[in-house]
Amino acid sequence: MRFRYLVLTAAAIAMLAGCQKKSEPELLIAPGLTVAVAPYTQPTQTADLLSGFIPEGQRKISAEALASLDEAFRGKLDHKGRRYVMLRLSDIQGDMARDSRGRRSALVTWAERARRAGADMIVVPQAIEIRELVGSKAGAVTSASVNEDFYLIDAREPAALLRRSHFAEEQKALSEDLTKIGKFFKRGGGWLTAGELAAEGMDKAVEAFGL
């Protein structure tokens, strides 16, 4: 009975919070600018990073999994009414560019790739680690977890990192963490696949960047 009371109370709080008026998002992309979208990649060394760090014992993400994330992310952008230049893996091959001090720079590299494609800005999605769900929606042996980053870069000189959207989530049972009651109901009360979990990070980035 006490558990049921906690669930109902938390659900009511979550509903009230959702009814609050959201503030207008900050305009990061001026009208008329061309935005490139890089394919998902997995940074495996510090030089590949724009922020954050490589976790110890990082697990390799398959090319198929990255391609699936790409398809999902680009599908979300197709419905936003903005024109994007979608880069392919072949468009981002080659050595890293160097900054004014001669150091390899991920920021300069992505900015150059965007300009080469005729874009003013670029969105860079990076999957740091992904663990797939073992089990089903009804029950999990091992829950899914996702660690991903999205970056919005102004590719015009001088290149600048405008915003990072970080999403790191490991789904847990409601009995383990009642503070996530809102997410529990929003997710339909079941266990998500890694792809479904990653999609939440994509939605967060789309909103944060104003895509």
| Side-chain donor or acceptor of S68 paired with backbone N/O of E64 under 3.5 Å | no
| query | Donor-acceptor pair, E196 side chain versus T193 backbone, under 3.5 Å? | reply | yes
| query | Can you name the closest pair of heavy atoms from A65 and I61 and give their distance? | reply | CB-CG2, 3.7 Å
| said: Do L28 and M121 have side chains that approach each other closer than 4.5 Å (heavy atoms only, starting at C-beta)? | reply: no
| request: Taking R163 for its side chain and A208 for its backbone only, find out whether a donor-acceptor pair lies under 3.5 Å. | output: yes
| Can you find a pair of side-chain heavy atoms, one from R131 and one from E170, that are under 4.5 Å apart? | yes
| Who are the side chain to side chain contact (heavy atoms under 4.5 Å, CB included) partners of A67, not counting sequence neighbours? | none
| note | V37 and M86 have their tightest heavy-atom pair at CB-SD, 3.7 Å
| said: Under 4.5 Å side-chain heavy-atom separation, chaining through any Ile, Leu, Val, Met, Phe, Trp or Tyr, what else clusters with I128? Say none if it is isolated. | reply: L49, I54
| remark: When every non-hydrogen atom of R113 is compared with those of G94, the smallest separation belongs to NH2-O, 4.1 Å
| Which residues satisfy the side chain to side chain donor-acceptor pair (under 3.5 Å) test with R101, sequence neighbours excluded? | none
| message | Under the rule for side chain to side chain contact (heavy atoms under 4.5 Å, CB included), what residues qualify as partners of R98, not counting sequence neighbours? | response | R104
| task | Identify the heavy atoms of A127 and P43 that sit nearest to each other, and give their distance. | result | O-CD, 3.7 Å
| said: Tell me the closest heavy-atom pair linking A38 and P125, and the distance in Å. | reply: O-CD, 3.3 Å
| task | Mind running side-chain contact (heavy atoms from CB on, under 4.5 Å) on L69 and F73 for me, showing each step along the way? | result | CA-CA 6 Å; L69 292 174; F73 186 47; over 6 Å; no
| request: Could you work out the complete set of other residues in the hydrophobic cluster of L89, with links drawn between I, L, V, M, F, W and Y side chains under 4.5 Å apart? | output: L50, V85, L87, I92, L107, W110, I122, V124, Y151, I153, L161
| query | For E132, does the CD atom have more than 12 heavy-atom neighbours from other residues, nucleotides or ligands under 6.0 Å away? | reply | yes
| Is there a side-chain contact (heavy atoms from CB on, under 4.5 Å) between F150 and M202 once you walk through the steps? | CA-CA 8 Å; F150 300 82; M202 297 174 195; 3.8 Å; yes
| task | Under the side-chain contact (heavy atoms from CB on, under 4.5 Å) rule, what do R156 and L33 come out as? Steps first, then yes or no, please. | result | CA-CA 11 Å; R156 298 168 295 179; L33 294 184; 3.8 Å; yes
| message | Applying a strict under-4.5 Å side-chain criterion to I, L, V, M, F, W and Y, I'd like to know whether I29 and L162 cluster together. | response | yes
| Should E129 and S145 count as side-chain neighbours, where that means a heavy-atom distance under 4.5 Å? | no
| query | Considering only heavy atoms from C-beta outward, does the side chain of V123 approach that of L211 to under 4.5 Å? | reply | yes
| task | Report the distance from atom CD of Q126 to atom CG of L66, rounding to the nearest 0.5 Å. | result | 11.0 Å
| Residues, nucleotides or ligands: over 12 heavy atoms within 6.0 Å of R82 CZ | yes
| Test log, rule salt bridge (charged side-chain N to carboxylate O under 4.0 Å, His left out), inputs K76 and D203 | CA-CA 8 Å; K76 290 179 179 295; D203 290 335; 2.9 Å; yes
| Do you know which two heavy atoms are closest between L197 and A144, and how far apart they sit? | CD2-O, 3.6 Å
| said: Tell me which pairs pass side chain to side chain donor-acceptor pair (under 3.5 Å) where either residue lies in residues 31-49, with sequence neighbours left out. | reply: Y40-E148
| said: Are the side chains of L192 and E200 in contact, using a 4.5 Å heavy-atom criterion? | reply: yes
| said: I'd like to check F167 versus N147 (side-chain heavy atoms, cut-off strictly below 4.5 Å). Are they in contact? | reply: no
| With side chains defined as the heavy atoms from C-beta onward, is the minimum distance between S165 and E207 less than 4.5 Å? | no
